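Computed from a prediction, not measured in an experiment: that's the story for all the values here.
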Amino acid sequence: MKTAVITMLVFAVAWTLAYVLFIRHWLMQYAVTAGVIARIEAAEGSLWGKIKLWFEGKKALIVAFLMSGLGAMKSAADSTVKTVAGLQPTDLDPLKDQGVWHAFFSDGIVLKIMSGLALVAGLLAIRGHLTAAKIEPAKIDPATVDPSTTAK
């Protein structure tokens with residue numbers, strides 16, 4: 001039971017630190033760079049349009065947070081179930097992870113690894129969106145463009 005509390009505490013601290021140190025800053029940079037704030041203000045009458053624009057650049061982060069949270073919750077649930085008296089070892093078989101990591105680590109460690117990987121994936125996705133938004137399109141010299149290949 002103590003392990004479950006520690007697992008959820010580590011999950012909350014890791015995501016809070018990641019948000020304060022990286023995610024918030026990168027999301028603000030992305031919103032400014034990609035013009036999200038101006039586009040939200042321009043979508044006056046469309047609530048659905050504002051919601052879609054608000055989620056721009058955040059979808060991968062939300063999925064990573066949910067994956068990480070579900071992994072941490074499953075790890076916490078597993079350790080809680082193990083503390084309940086009267087259960088047989090075979091009762092826990094459906095809860096065991098059968099992934100690649102399972103061959104090398106115990107179930108609790110596997111879930112913690114997967115939760116950490118989800119956090120890293122979310123950070124990398126946000127950083128990738130920000131980097132892509134900052135890339136300026138290549139300048140095309142009109143003198144080098146073949147007029148027969150351009151649209152009329």
Let me confirm one number: the [atom1]-[atom2] distance from [X] to [Y], rounded to the nearest 0.5 Å.
X: Ile126; Y: Ile23; atom1: CD1; atom2: CD1; value: 7.0 Å
X: Leu61; Y: Leu124; atom1: CG; atom2: CG; value: 11.5 Å
X: Leu47; Y: Ile51; atom1: CG; atom2: CD1; value: 4.0 Å

In chain order, what residues pass the side-chain contact (heavy atoms from CB on, under 4.5 Å) check against [X], with sequence neighbours excluded?
X: Met73; result: Met8, Leu70
X: Lys52; result: Trp48
X: Thr7; result: Thr3, Ala72, Ser75, Lys112
X: Ile62; result: Phe55, Lys58, Leu66

Residues that, via side-chain heavy atoms closer than 4.5 angstrom, fall in one hydrophobic cluster with Val63
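Answer for Val63: Met67.
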
Measure from the ring center of Phe11 to the ring center of Phe65 and say whether it is less than 6.0 Å.
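Here the rings of Phe65 and Phe11 have centres that are less than 6.0 Å from each other.
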
Are Leu130 and Leu21 connected in a single hydrophobic cluster, I mean Ile/Leu/Val/Met/Phe/Trp/Tyr linked by side-chain heavy atoms less than 4.5 Å apart?
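Linked, Leu21 and Leu130 end up in one cluster.
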
Run the ring-ring contact (aromatic ring centres under 6.0 Å, His included) test against Phe22 and tell me which residues pass, sequence neighbours left out.
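Phe22 satisfies ring-ring contact (aromatic ring centres under 6.0 Å, His included) with Trp26 only.
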
Sort and list the pairs that fulfil side-chain hydrogen bond (donor to acceptor under 3.5 Å, both in side chains) and have at least one residue in residues 113-131, not counting sequence neighbours.
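For residues 113-131, and leaving out neighbouring residues, the side-chain hydrogen bond (donor to acceptor under 3.5 Å, both in side chains) pairs sorted by first residue read Ser68-Ser115.
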
Sequence neighbours excluded and cut-off under 3.5 Å, please list the side-chain donor-acceptor pairs for residues 27-37, or say none.
unit_1 : atom_1 : unit_2 : atom_2 : d
Gln29  : NE2    : His25  : NE2    : 3.3
Tyr30  : OH     : Glu56  : OE2    : 2.9
Thr33  : OG1    : Gln29  : O      : 2.7

